[in-house]
There are 2 protein chains.
Amino acid sequence: MFTQSEENYLKAIFHLQQEAEKGVSTSKLSALLETKASSITEMVKKLAEKNLVNYQKYYGVELTDTGRKQALIIIRKHRLWECFLVEQLDFKWDEVHEVAEQLEHIKSEKLIDAIDRLLGHPKTDPHGDPIPDKDGNFTKKNTSLLSECRVGSIGIIVGVKDSSPSFLQYLDKQCIALGTKFNLRHKEPFDNALEITVNDQVIKVSHKMASNLYVDIGYTS
Amino acid sequence: MFTQSEENYLKAIFHLQQEAEKGVSTSKLSALLETKASSITEMVKKLAEKNLVNYQKYYGVELTDTGRKQALIIIRKHRLWECFLVEQLDFKWDEVHEVAEQLEHIKSEKLIDAIDRLLGHPKTDPHGDPIPDKDGNFTKKNTSLLSECRVGSIGIIVGVKDSSPSFLQYLDKQCIALGTKFNLRHKEPFDNALEITVNDQVIKVSHKMASNLYVDIGYTS
DNA sequence: TATAATGTTTAGGTTTGCCTAAATATTTTG
DNA sequence: CAAAATATTTAGGCAAACCTAAACATTATA
């Protein structure tokens, strides 16, 4: 069994590993966990002793197979709880993260399996992120960003890269949600702002916004 | 906000206060929390500084009004989670305690209110214990024990005093559950064992068992 | 490529919540 | 009611997980 702190480190390392190929640096972890670099070094050594990470002084860490498995169990729990909060308790998608951060540490396999069953084994969480199964398998994360689409594309919003409340609330205000079908009409060369249509309504999407929206692209018109 | 440890102390003090009128002793807390007496003393001082308990050296502690309120919030959460586990996730009544011990510490008023609503504002948990409302009000705990009933009484099982898995499983085996209507037919003078009938089936109930079953008594035949 | 800038680790300190052992209070009992 | 038994508190330590400041490595740049 692991402490909450250890679980948070494993999760953080997993997420940072997704982005960069190389070992995860102390400073990246420090920034993500909002913990001083010296504390990171200390904990990382402990994780290495428990064979959850491989650690090379000055060159960062990476998860071992057991570490990765453990990280995925925690991520599975986090995302299932998020689904539960939205689907059963009518939480909004911008309200779930903080509570799920707590719930993910509850230790009971039976509990999380029951939640999974109650929800009908969902494949993605309210932000479009995939939910690993019990063995840690999960369908690769969405990769296409709206910002990278060609003018003329039609597609569906399937996920958000940034799931901070402020971004999610902004999307709500713009009437952009997961599942929203759009038509990419125009790209402004000056600032890369986009214009998409959703139900024949024109919506302006800044480059920054577009680079935080995952999409499934359909046929090009 | 309180630490999990502090919350556990408040809960423990509350429960012990229910039994004895006097201040709760260090040794009672030590036994219940399975923590050495010296640690109890230390923590109790801290709680006193935060005005959650009144503490008199060598004479035990009692909750202040704020301490009591806080304890009731935790107990409310514990019992609502127990209901949730049984009613929504098909846990058995002997499986809920351990998980609820963890869930009770989740910090989100919105969450527990949503669970309460989802369950239709239940008044008692799966062991028959009353669930305090948001303000800490709750209907007094059941007081009549089966062991104190007169021969000839009819009544209903409404709660258990001991909610250890082993006792609860034993009740399951005997087909005694909350809501079970019984008829107290006989009391053996030698060992105070009882014979009750439930649906015309005779069930032998030891004194120890009977003294852990709360009942509502109807008319005496 | 030497030096400056940046990133990482080490050393030493803090708080929380626990522990053991010793000291002190209270309670029980001969 | 004094001695013995029991309960409680104090004193001093420990592990986890954080911190700051200083030392040391790596990387960037003049």
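Chain naming here is simple, since letters A, B, ... match the order of the sequence lines and numbering starts at 1 in each.
- Looking at A/Arg117 and B/Asp90, no side-chain N of the basic residue comes within less than 4.0 Å of a carboxylate O on the acidic one, giving no salt bridge.
- For B/Phe2 and C/dT16, the CZ to C1' distance is 16 Å, given to the nearest whole Å.
- Comparing A/Tyr59 and A/Ser38, the nucleotide of DNA chain D nearest to each residue sits closer to the 5' end for A/Ser38.
- A straight line from CD of A/Gln56 to P of C/dT9 spans 11 Å, rounded to a whole angstrom.
- Contact between the side-chain N/O atoms of B/Ser39 and the OP1/OP2 oxygens of C/dC19 is found at a separation under 4.0 Å.
- Per the geometry, CG belonging to A/Leu47 stands 11 Å off P belonging to D/dC18, to the nearest Å.
- Among the atoms of the strands shown, only primed sugar atoms or phosphate atoms (P, OP1, OP2) are found under 4.0 Å from some heavy atom of A/Thr26.
- Using modelled atom types and a 3.5 Å distance limit, the side chains of B/Asp172 and B/Trp93 yield a donor-acceptor pair.
- Within the cation-pi definition used here (under 6.0 Å to the ring centroid, within 45° of the axis), A/Lys45 does not qualify as a partner of A/Tyr55.
- Phosphate proximity of D/dC24 to A/Tyr58: absent, as no side-chain N or O sits under 4.0 Å from OP1 or OP2.
- One finds no salt bridge joining A/Lys187 and A/Glu195 here, because no Lys/Arg side-chain nitrogen approaches an Asp/Glu carboxylate oxygen to under 4.0 Å.
- Between C/dG7 and A/Lys28, no contact under 4.0 Å exists linking OP1 or OP2 to a side-chain N or O.
- Residue A/Lys36 has no polar side-chain atom (N or O) positioned under 4.0 Å from OP1 or OP2 of D/dA21.
- Defined by atom type and a distance below 3.5 Å, a donor-acceptor pair is missing between the side-chain atoms of A/Thr3 and A/Ser5.
- Interface remark: the B/Ser27 side chain does not form any donor-acceptor pair with the D/dT6 base, using a distance-only criterion of under 3.5 Å.
- If you look at B/His78 and B/His97, their ring centroids are closer than 6.0 Å.
- Taking atom CD1 of residue A/Ile40 and atom P of nucleotide D/dT20, one finds them 13 Å apart after rounding to whole Å.
- Atom P of nucleotide C/dT27 and atom NZ of B/Lys57 are separated by 15 Å, given to the nearest angstrom.
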N/O contacts under 3.5 Å, protein versus nucleotides 15-17 of chain D?
from	atom 1	to	atom 2	distance (Å)
D/dA17	OP1	A/Thr3	OG1	2.7
D/dA17	OP2	A/Lys46	NZ	3.1

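- Note: OH (B/Tyr55) to C1' (D/dT10) measures 10 Å, nearest angstrom.
- Between A/Asp133 and A/His121, the side chains place no donor N or O within less than 3.5 Å of an acceptor N or O (distance only, hydrogens not considered).
- Nucleotide D/dA7 holds its C1' atom 13 Å from the CG atom of B/Leu29, rounded to whole Å.
- As rounded to whole Å, 11 Å separates atom P of C/dG17 from atom CG of B/Asn8.
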